[in-house]
Structure formats: structure tokens, C-alpha cells
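All remarks here apply to the structure that follows.
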Amino acid sequence: MSRAVSVASLSKSYGRLKALDNISFEVDEREIFGFLGPNGAGKTTAIKIMLGLTRPDKGHVEIFGIDVQSKPDRARENIGYVSQNLSLSNEITGYENLLISAKLYGVPSSIRKSRITEIMDLLGIQDRANDLVKKYSGGMMRRLEIGAALVHRPRLLILDEPTIGLDPQVRLVVRELLRRLVDEFGITIFLTTHDMGEADELCEKIAIINSGKIGVVDTPTNLKRSVGGDSIQFETKAPEKALSILTGKFGDTKPIAKNNTISMIVNSAETALPLLINTLTRAGVIVDAIHSHRPTLDDVFLKYAGSRLTDVEREGDYSHVKQVRRTFRRMR
Amino acid sequence: MFAILEKTAVIWELELRKMRHDQTDLLIRAIQPVLWLTIFGSVFRQFRELPLGEVSYLSFITPGVLAQSVLFIAIFTGVSLVWERDLGQLDRLLAAPAPRTSIVLGKAFSGGVKGLFQAGVIFAIAFVMGVDLIYNPIYVLAVIGVVFTFGVCFSSMSIFVTTLLNTRERVMGMMQLLTMPLFFASNALYPIEIMPRWLQIVSIINPMSYVVEALRALMITGDLSRLPVALGGMAIATFIFIGAAALAFRRVGR
Ligand SMILES: Nc1ncnc2c1ncn2[C@@H]1O[C@H](COP(=O)(O)OP(=O)(O)OP(=O)(O)O)[C@@H](O)[C@H]1O
Ligand SMILES: [Mg+2]
């Protein structure tokens, strides 16, 4: 199998902030590769460097063996890019947007029309082709955005948070579309997300990224297996005391406290739960609530990034959605 | 080289399509020159002391008002570029296999076309107001050429300035700061001879003066003796600003 993307020891700092800290990874052809990480992890920075839009301080990117630094336009011909923001011109029609994209990427005039019609059919927006984009719903804009990235039949599709700001139903449509692109057209997809469900469901391979560092790269199944056991979460009013009692006693990952909730990974919840409650009760720590579950990607994240994605994410996520909404509004 | 021209045409087409769908914008921008001609023109008509020869004051300032309105519209090319960058719309162009220079040229050429719309409006008003314009087709074609080049020239200048300044707030302030002296320190509203000495020097290095001079020769006086100088000055300014904009823009998205 040949390499679609190969990234070697990439670093990028903005002032004193290390947006990317020596990351390396490879994407094979015909696979869906996901960057999973919270806001500010460095996902967009990595993409901009892959497209030659930002210059790295150090490191090297190749797209299908083409060096992006020295031959950016040659590399870009192979890439379809869907940015995190809505990037289409909303004051012209959907059809016109695709037409401009086709011309920008040098699609021959003889097949332009049929290509655009084909894509509009694929995305289910053919009946709105001649409407101004500013009259589209957010979901339609997103689909058009993906369509514009497909007109030149790129071998690699790069999507920066493709489902942000979409309702669950449209998310599903977009995910199915991406799956089809790989299965039917043999495209390679690189995407970023901070939605674990999305990464789990869609990606063949996931890189966990936090604060500019890649913790691990593997398949979702292997990642979950590598957590090696069950995840336990419980609540108590004395989290510090509980932490000091438990550290080193169960499994090999350190328990993590967030407010009054403590998370930990154990080999088997069935044997660990009674022991845990007994140990804590004997030491005078009262457990208010407890539950266990099979490992999810969030637990994987805990193991490799040292925090829970849901925790880092909660506030950030909201401000992010707000920002996207603002952009929508501004574009109207 | 061929790639640059090809992609320039695409970016230009994109801008023209946007323009076609937003004609109200063009109409609104036409209001200002109308006001200049009707109000300013008729008030200053009273002053007989201006050394204008046989030309009426209204005729004298018509080319000036045309140049000014093209200047104002061209200045917005850069502003809209920064705006698009902040929205993330520019990323789409930057991520395409298109030379950076073609983005600059495509945008600048669209500034030239917007200028032509202004010219159309002003010709119409001037006709209605009875300004004695030269309607010889060759002269009119030359005016179109001058207006287009001027639009490209000042669009490039605005792209250059906005690319250097980087933030939208600074850009807005700077544009205000630039347009006023460009306009008033030129021969758009009064002949250079009546200006104080220092202003005369400023107006000689002001590209706006050359444009107005060319337009005045082609639209009003028909006296082409100074036309080569005017066109030469304009061509130099255009080349300088296109070059500066293209150079500055290479750093964008890098
Ligand atoms: N142009 C810039 N100037 C300064 N800092 C920047 C710039 N671009 C990104 N950063 C910083 O680099 C870090 C990584 O940003 P990046 O946009 O790559 O994160 P992200 O993973 O895409 O986050 P999100 O999920 O919010 O999109 C952030 O701390 C951000 O503030
Ligand atoms: Mg991002």
C-alpha cells in the first residue's frame, strides 16, 4: 500500500506557545485517518502546514511523495480541502461556487458541467444549485463545501472538523458520505474532530493529539484494547483523600480527580468494585455514586493525554459552536 | 506565466460573479459622485477667479470626481481581502493550486471593473447636467482604459497596504487616512497652479494627479500635449503597486 501523507517531526511555535511539538505520522492510501483532540490541540495548525499555508519551524510533509514545502502547487492538486470555517462565497450560487472550484483546480471545460451535476446529485443539493449560498441552511453549506473540495477528484480529502455545528441527523449524512467516498471512489481521508463517537465510528486510524503532541496512533479497537480493562468513575466529597489512598493500588494508570469525580482504569470492574468500596469505606471516605463501563475513546484519551477529553472540551466546545454561529451570521 | 494568467482569470471571474449578484452595492456607491457633482459642482461654479481657461468649473471637476470615486471603490479591494481572510474564505483560494500573484491580480482587476461602473454613472450624470464631454469613441475608449488601469493601480495599493497592516481595524483607519490626502493633494478639485508651493510638490508625486490630468485631457479639453506624461506617470505607479502587492501578498498564509 502506498503512502498518502507522511509527516515527519513537525514543530510550530507561535511566540512561546508550542502549537505543534515534534509530531510524526503516516496515512495510508484509502484509509480514513482522524486527529482526535480538544480545542487548541494543534489540529488546524497541522492541516495548514500539510497544505503549505503555514510554514513549520521544523519538519517535513509529503503528500503522495510530493514535498509540500518545495512544490506546494503540485501537492495541492491532489488535495481537496474543507476548512473549519465556511469558506465558500455566499453571495453567489452553489453551482457557481463549484464552477469556480473546478476552474481553480484546472478541471477541463469539456467535463466541468457533468462533474458538477454529478457532485450535486451525490450531495443531494441539485434542486438548490441555482440558489444563492446565503440562502442555504448550515448543513447544506457544509455539504456544498465538501462538494467544492471534490470537483477535481482529489486523491486526498482533508477535512477540518467536518461536522461542527451540524445537528445529529446532518452529521450522519456527512459521515455516510465520507464513508462512501472511500468505499466507492478510493479516496483517502484525513479529518480532525473532537467528537469521540465520530472518530470511533468513522476512522480506521486515530491519532490522539493534545497540546501539540501526539500521544498515540492506532486503530480504535486497538486503542480501546490498550486501555486494558474497565473504566470506573465515582463521586465522593473527599477526592484528595481518596486519590492518596488509591494511587498505585488499582491498575497501572493514575486515578484522576475532576471536582468530586474520580476516574480510573482497572483490570476488571467485577473484582475491583467491591474491593475499592471496602478500602475507601474503611479509610472513612464515603462513595456517593459509582459506575463502571467498557473502555471508550475518552478512556483512551485519559490514558495517553493525561486528561479527559470531555473535561478539556466542555467549555471550549461551547465557545467554539458560538464562534461558528457568529461566522454564519456574519456571512448572511 | 500561463498558469498565473489562467488562475487570474478564475479569481477575476469569481469577483465579477459576486458583483453581478450584488448590484445594489454598485448603485449605492454611485450616490457619492452624484452628490459631488450636483452640490459641490454647482456651489463652486460661482468662483470666477480660478484659472481654468474656457472650461466651466463643473466640467473641470467632472474628471476629478470620476477619479475620486474610482479611488474610493478601489480602496475597498484590500479591505474586503482582509475581511475574507478573517472569515476564512481566503483559505479556499490559498489552498488551491493557484499562484499567489494570480489572487492579487484577479482582485485588482475586479477593482478596475468596479471603476468602470463608476465611469458609466458619471458619464450619465454629466450628460444630464449638460457638461460638455468629448464623445468621440476613440477618446471614450481611452477613458475606459485609463479608468480601468487606475482601478487596478489603487486596488493593488490597497492590497499592499492591507497586507502589511494585517488587522481589520488598522486597515479601516489607514484607508481613511490615505484617501483624503490622495484626493485633496491632487489637481482633482483645483488647478495645481493655485496651490501653495509645498502642496504642488506633493501633488506632483501623487499618482492621482496624473490620472486626473489624463482624464481631463480625454474627457474635457481634448488637449493631448501632456497626455504621454500623464499616462507614463500612471503606468509607473501601477507597475510599482502591483509589484508591491504581489510581493507583500506572498507572505499571506505562510
Ligand atoms: N496564527 C496564530 N497565531 C498565534 N497563535 C495561534 C495561531 N494559530 C493557532 N494558534 C494557537 O495554536 C494553538 C493550536 O491551534 P489550532 O488552531 O491548531 O488548534 P485546533 O486543534 O485546531 O483547535 P480547535 O478545535 O479549536 O479548532 C492554539 O493555542 C492557538 O491559539
Ligand atoms: Mg481547528
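Letters A, B, ... are given to chains in the order of the sequence lines, protein chains preceding strands, and every chain is numbered from 1.
- Contact record, A/N85 with B/G88: ND2-CA, 3.9 Å, taken as the closest heavy-atom pair.
- In this structure, A/L88 and B/R92 have side chains that are in contact, with non-hydrogen atoms separated by less than 4.5 Å.
- We find the OG-CG distance between A/S83 and B/L87 to be 10.5 Å, quoted to the nearest 0.5 Å.
- Separating the CD atom in A/E91 from the CZ atom in B/R20 is a distance of 13.0 Å, to the nearest 0.5 Å.
- No side-chain donor-acceptor contact under 3.5 Å links B/R17 and A/N97.
- Only the side chain of A/L132 comes within contact range of chain B, with heavy atoms under 4.5 Å apart.
- Pairing each heavy atom of B/R100 with each of A/G52, the nearest pair is NH2-O, 4.3 Å.
- Highest contact tally toward chain B, considering only A/I92, A/I79, A/L104, A/I158, is held by A/L104 [criterion: heavy-atom pairs under 4.5 Å].
- Between B/A96 and A/D73, the shortest heavy-atom distance links the atoms O-OD1, 4.0 Å.
- Contact of A/L99 with chain B is made through the side chain alone, with heavy-atom distances under 4.5 Å.
- Shown here is B/F241, whose CZ atom has more than 12 heavy atoms of other residues, nucleotides or ligands within 6.0 Å.
- The part of B/I11 that comes within reach of chain A is its side chain, from C-beta onward, which places non-hydrogen atoms under 4.5 angstrom from that chain.
- In summary, A/E96 and B/K18 do not engage in a salt bridge, as defined by a charged side-chain N under 4.0 Å from a carboxylate O.
- Atom-to-atom distance recorded for B/L14:CG and A/I100:CD1 is 5.0 Å, nearest 0.5 angstrom.
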Step-by-step side chain to side chain contact (heavy atoms under 4.5 Å, CB included) determination, B/D91 to A/K48: CA-CA 9 Å; B/D91 277 347; A/K48 294 228 162 143; 3.2 Å; yes

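- The number of heavy atoms from other shown groups lying within 6.0 Å of NZ (A/K113) does not exceed 12.
- Counting only heavy atoms from C-beta outward, the side chains of B/H21 and A/T93 approach each other to under 4.5 Å.
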